[in-house]
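Indexing begins at 1, ligand by ligand and atom by atom, following the structure's order. Along the sequence shown, residues are numbered consecutively beginning with 1.
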Amino acid sequence: MDSWEAARHRLVEELRALGIRDERVLEAIRTIPRHEFVPEPYREHAYENRPLPIDEGQTISQPYIVALMTEALRLAPEDRVLEIGTGSGYQTAILASLAAEVYTIERFPSLLEKARARLEALGFHNVRYKCGDGTVGWPEFAPYAGIIATGSVPRVPPSLKEQLADGGRLVIPVGGRHFQTLKLVERRGDAFVERDLCECSFLPLIGAEGWPPEYAEDPCEPKSKPEDDGALR
Ligand code: SAH
């Protein structure tokens, strides 16, 4: 066993201790090399249970959250699943190892192309990629047995509810700019049953049924510091 593999085993035990029970999800985390989805400077931290920076000011989600969201989807091997916010592609790989077909949408072309290259190199050929606004879903291939949004929205996008199959499940962080509640929405015919899973903190989804473009900038982290002009205030 190499040291990455040993680190993955430790991570799986940590996730188990945190309450993740689905053996298929744990097995996916045990086999998918998260370090290949993390930029070089952060690789040594790839199997710690925390988010890490990727390009375009985005993050690869925390493994516990990835496991929790995937578990909540309860995917079957024949399922079709839609992911909004490809980012590094790590969550995409987890989904692609559990479901038949994955449709993934990312706003930044640079992130999408890197994720595509990684996933293809790892042998995942059941993924379709789209660059654009995922808050309106991907109606062409609907309905989906599972929909997962890895960025936050102010309210559940009606388009995503519409694109759920009967009995399908949507997992999505809903709330404010910095803190949200992770929601599970299950479709039963024309009815939608909502349940809160936990509190969470995701980056925003920028789009027609998400946040406006100005939310892409984090008001807590100004890009440049105001000049110190020496004035007494
Ligand atoms: N699952 C990813 C998380 C990336 S963070 C991972 O673990 O690596 C959220 C991602 O959503 C970012 O890559 C961001 O660019 C993307 N995003 C933001 N708004 C979007 C939109 N409207 N449609 C698709 N992707 C969006």
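- Between the side chains of Y103 and E101, at least one donor-acceptor pair of N or O atoms lies under 3.5 Å.
- In this structure, V66 falls outside the shell of residues with a heavy atom less than 4.0 angstrom from ligand 1.
- Close N/O approach between I84 and ligand 1 is not found [any backbone or side-chain N/O within under 3.5 Å].
- Distances between N or O atoms of S61 and those of ligand 1 include at least one value under 3.5 Å.
- Side-chain polar atoms of E56 and S110 form a donor-acceptor pair below 3.5 angstrom.
- In terms of heavy-atom proximity, I105 sits nearest to D133 at CG2-C, 4.2 Å.
- Between the side chains of Y47 and R8, a donor-acceptor pair is found at a separation under 3.5 Å.
- Which parts of ligand 1 touch T59 is read off a 4.0 Å heavy-atom cut-off, strictly below it: atoms 3 (C), 4 (C), 5 (S), 6 (C), 8 (O).
- Contact atoms of ligand 1 toward F108: 15 (O) (distance under 4.0 Å to a heavy atom of the residue).
- If you number the atoms of ligand 1 from 1 as listed, the ones under 4.0 Å from a heavy atom of L205 come out as 11 (O), 17 (N), 18 (C), 19 (N), 20 (C), 26 (C).
- Judged by distance alone, the side chains of W211 and S152 do bring a donor and an acceptor atom under 3.5 Å apart.
- In this structure, the protein non-hydrogen atom closest to atom 11 (O) of ligand 1 is G85 CA, 3.2 Å.
- Counting only N and O atoms by type, the side chains of Q91 and T150 include no donor and acceptor under 3.5 Å apart.
- The side-chain tip of R34 points at the ring of Y90 from less than 6.0 angstrom away and within 45° of straight on.
- With a 4.0 Å heavy-atom cut-off, ligand 1 is reached by the side chain of L111 but not by its N, CA, C or O.
- Among all non-hydrogen protein atoms, the one lying nearest atom 16 (C) of ligand 1 is E106 OE1, 3.3 Å.
- At a 3.5 angstrom cut-off on N or O pairs, S88 counts as close to ligand 1.
- Against a heavy-atom cut-off of under 4.0 Å, G132 is close to the following atoms of ligand 1: 23 (N), 24 (C).
- Ligand 1 places these atoms under 4.0 Å from at least one heavy atom of G134: 21 (C), 22 (N), 23 (N), 24 (C).
- Residue P204 approaches ligand 1 through these ligand atoms, each under 4.0 Å from one of its heavy atoms: 18 (C).
- Taking only nitrogen or oxygen atoms, main chain and side chain alike, I206 reaches within less than 3.5 Å of ligand 1.
- Counted by atom type alone, T86 and T92 present zero donor-acceptor pairs between their side chains at under 3.5 Å.
- The protein heavy-atom contact nearest to atom 14 (C) of ligand 1 is Q58 OE1, 3.3 Å.
- Remark: ligand 1 atoms within the under-4.0 Å shell around heavy atoms of I60 are 6 (C), 7 (O), 8 (O).
- Using modelled atom types and a 3.5 Å distance limit, the side chains of R50 and H45 yield a donor-acceptor pair.
- Residue contacts with ligand 1 for R107 involve both N, CA, C or O and side-chain atoms from C-beta outward (heavy atoms, distance under 4.0 Å).
- Donor-acceptor pairing under 3.5 Å is lacking for the side chains of E209 and T135.
- Heavy-atom proximity to atom 1 (N) of ligand 1, evaluated over L203, T150, L95, is greatest for T150.
- By the criterion of a heavy-atom distance under 4.0 Å, neither the backbone nor the side chain of Y90 is placed next to ligand 1.
- Below 4.0 Å from some heavy atom of I105 lie the following atoms of ligand 1, by number and element: 24 (C), 25 (N).
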